[in-house]
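Read the structure below first, then the notes.
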Amino acid sequence: MDIVAFLRRRPFTVLFSGGKDSLAALLWVIDNVGLSHDWNILYVEVTGNTHHLCNEYVHRICEELGVSDRLIHARREDADFLDYVRRYGLPLIGKYRWCLWQFKVKVFKKHSHFTQVSGIKRSDSRRRRNVRLVEYFRQSGNVAANPLLDWSDGMVVDYIREHGVEINPCYRIYGHSGNCMLCPYHSLRKIRLTLQDPEWGPKIAEALRTVKAPRSAKMREIRDRWLREWGQVPLTAFIKI
């Protein structure tokens with residue numbers, strides 16, 4: 001399929017999370033589809049779980065790229081991620097992935113065109129190996145165009161560097177984009193860096209301690225891993241010098 005021709009035949013929305021993959025997808029759209037076409041950018045802040053640096057980064061990058069007039073910054077105003085964690089436990093991939101449906105898809109439905117451009121890659125996980133270049137998702141009711149599907153992580157970073165665009169500073173501080181500070185699938189390094197933050201560490205630990213009833217062994221395992229690492233955070237991490 002000629003994905004550029006496909007996108008030029010319809011309005012679409014670029015899903016920009018502040019992460020490297022979605023940044024590369026945005027740059028790809030600017031390079032290949034151009035600015036004369038009808039498309040917008042949707043940034044979804046996960047209420048109560050997104051770092052302010054990620055919010056600021058997204059706005060700054062869109063300004064630098066000359067596409068700030070296309071940017072929609074949206075979030076749920078009636079829900080908080082950590083409150084959901086306390087009530088329902090951690091969101092796991094599969095039917096219990098409430099973070100996607102409650103904090104992303106509900107917002108997508110209000111602000112996104114039917115066709116969305118994502119930065120997903122087959123190399124991200126086994127679950128994505130069979131994803132197609134253009135795919136219809138019955139559950140969300142959207143068509144996703146995935147121009148980076150066969151890219152590697154290295155190709156993404158090289159593409160961003162070629163454009164001279166700064167990568168989200170949260171990667172340097174936390175190892176991730178900061179769009180989801182608490183994520184069940186963060187690596188041990190990312191967990192440690194996140195918990196050492198004097199604002200986010202205590203908030204996340206408190207929410208995990210007060211989870212009403214972890215619903216599975218996997219959920220308990222992930223909760224306990226975060227709390228075990230929280231117990232090892234040195235007090236010096238919270239002392240201002």
Side-chain angles (χ1 to χ4, degrees), residues 1-44 46 58 61-62 65 67 70-72 74 91-163 165 167-168 171 176-177 179-180 183-187:
M1 173 178 288
D2 184 342
I3 193 170
V4 174
F6 173 81
L7 290 172
R8 284 179 175 166
R9 289 196 294 268
R10 67 205 73 231
F12 62 87
T13 296
V14 179
L15 302 178
F16 183 27
S17 68
K20 289 180 285 190
D21 292 343
S22 63
L23 171 60
L26 174 59
L27 294 171
W28 182 92
V29 167
I30 294 171
D31 287 346
N32 292 277
V33 180
L35 298 178
S36 61
H37 190 69
D38 179 14
W39 57 272
N40 60 17
I41 304 164
L42 178 58
Y43 169 66
V44 178
V46 181
V58 165
I61 290 301
C62 287
L65 295 176
V67 292
R70 299 171 187 257
L71 175 64
I72 300 169
L92 303 182
I93 289 175
K95 65 180 181 180
Y96 202 66
R97 196 181 179 187
W98 53 256
C99 60
L100 174 63
W101 302 107
Q102 294 298 323
F103 289 88
K104 295 275 188 174
V105 174
K106 281 193 174 184
V107 180
F108 292 165
K109 289 181 180 296
K110 292 182 180 179
H111 300 286
S112 174
H113 290 300
F114 175 72
T115 300
Q116 300 171 343
V117 173
S118 86
I120 70 170
K121 311 187 307 296
R122 286 198 177 98
S123 60
D124 291 338
S125 69
R126 275 184 286 179
R127 295 174 64 89
R128 290 182 171 175
R129 287 178 185 172
N130 295 321
V131 172
R132 300 168 186 163
L133 198 60
V134 175
E135 186 152 355
Y136 173 69
F137 290 94
R138 184 177 60 185
Q139 289 175 304
S140 64
N142 289 95
V143 166
N146 308 306
L148 311 188
L149 198 58
D150 294 313
W151 291 30
S152 66
D153 289 341
M155 291 170 67
V156 167
V157 173
D158 288 345
Y159 191 66
I160 293 170
R161 286 175 176 165
E162 287 169 7
H163 286 75
V165 179
I167 290 173
N168 190 327
Y171 280 105
H176 55 81
S177 71
N179 189 255
C180 290
C183 173
Y185 300 100
H186 279 337
S187 67

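Quick caveat, the model's predicted, so the values are computed rather than measured.
In this structure, the side chains of Phe103 and Val44 stay at 4.5 Å or more apart for every pair of heavy atoms. With contacts defined as side-chain heavy-atom distances shorter than 4.5 Å, the pair Val46/Asn179 qualifies. Using a 4.5 Å heavy-atom threshold, the side chains of Leu133 and Phe6 count as separate. Taking 4.5 Å as the limit, every side-chain heavy atom of Val14 sits out of range of all side-chain heavy atoms of Trp28. When side chains are defined from C-beta on, Leu148 does not count as touching Tyr159, because their heavy atoms never get closer than 4.5 Å. Counting heavy atoms from C-beta on, the side chains of Phe16 and Cys62 come closer than 4.5 Å.
Here the shortest heavy-atom pairing between Gly18 and Asn168 reads O-ND2, 3.1 Å. Here the closest heavy-atom approach between residue Ser36 and residue Arg70 is recorded as N-NH2, 4.3 Å. Nearest heavy-atom pair, Leu92 versus Pro184, reported as atom, atom and distance to 0.1 Å: CD2-CB, 4.2 Å. The nearest pair of heavy atoms linking Pro91 to Tyr185 is O-CE1, 4.1 Å. Among all heavy-atom pairs drawn from Ala25 and Ser118, the shortest one is CB-O, 3.8 Å. Contact detail for Arg122 and Arg132: the closest heavy-atom pair is NH2-CA, 4.4 Å.
Atom OG1 in Thr13 sits 9.5 Å away from atom CD1 in Ile41 (nearest 0.5 Å). Distance check: Asn32 CG to Ile3 CD1 gives 9.5 Å after rounding to the nearest 0.5 Å. We find the CG-CG distance between Leu15 and Leu26 to be 11.0 Å, quoted to the nearest 0.5 Å. In this structure, CD1 in Ile61 is found 6.5 Å from CG in Leu23, a value given to the nearest 0.5 Å. One distance of note links CD1 of Ile93 with CG of Leu100; it measures 10.0 Å at 0.5 Å rounding. Lys110 NZ to Lys106 NZ: the interatomic distance, rounded to the nearest 0.5 Å, is 8.5 Å.
Every residue was checked against the side chain to side chain donor-acceptor pair (under 3.5 Å) condition with Ser177, not counting sequence neighbours, and none meets it. For Ser187, the side-chain contact (heavy atoms from CB on, under 4.5 Å) test picks out Arg189, Lys190, with sequence neighbours left out. Annotation: side chain to side chain donor-acceptor pair (under 3.5 Å) contacts of His163 (sequence neighbours excluded): Asp31.
In this structure, Trp151 contributes its side chain and Ser123 its backbone to no donor-acceptor pair below 3.5 Å. The backbone N or O of Thr115 lies less than 3.5 Å from no partner atom in the side chain of Asn142, so there is not a single donor-acceptor pair. His37 places a side-chain N or O within donor-acceptor distance of the main-chain N or O of Leu7, the cut-off being under 3.5 Å.
Listed by first then second residue, pairs satisfying salt bridge (Lys or Arg N to Asp or Glu O under 4.0 Å) with a partner in residues 34-44 number zero, not counting sequence neighbours. Pairs engaging residues 5-15 under the salt bridge (Lys or Arg N to Asp or Glu O under 4.0 Å) rule: none recorded [sequence neighbours left out]. Among residue pairs with one or both ends in residues 152-162, those qualifying as salt bridge (Lys or Arg N to Asp or Glu O under 4.0 Å) are Lys121-Asp153; sequence neighbours excluded.
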### Query
Checking side chain to side chain contact (heavy atoms under 4.5 Å, CB included) for the pair Asp21/Ile120: CA distance, chi angles, key distance, verdict?
CA-CA 7 Å; Asp21 292 343; Ile120 70 170; over 6 Å; no
### Query
Does the side chain to side chain contact (heavy atoms under 4.5 Å, CB included) test come out yes or no for Val117 and Trp39, once each step is laid out?
CA-CA 10 Å; Val117 173; Trp39 57 272; over 6 Å; no
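Side-chain atoms of Ser22 and Ser17 include a donor-acceptor pair closer than 3.5 Å.
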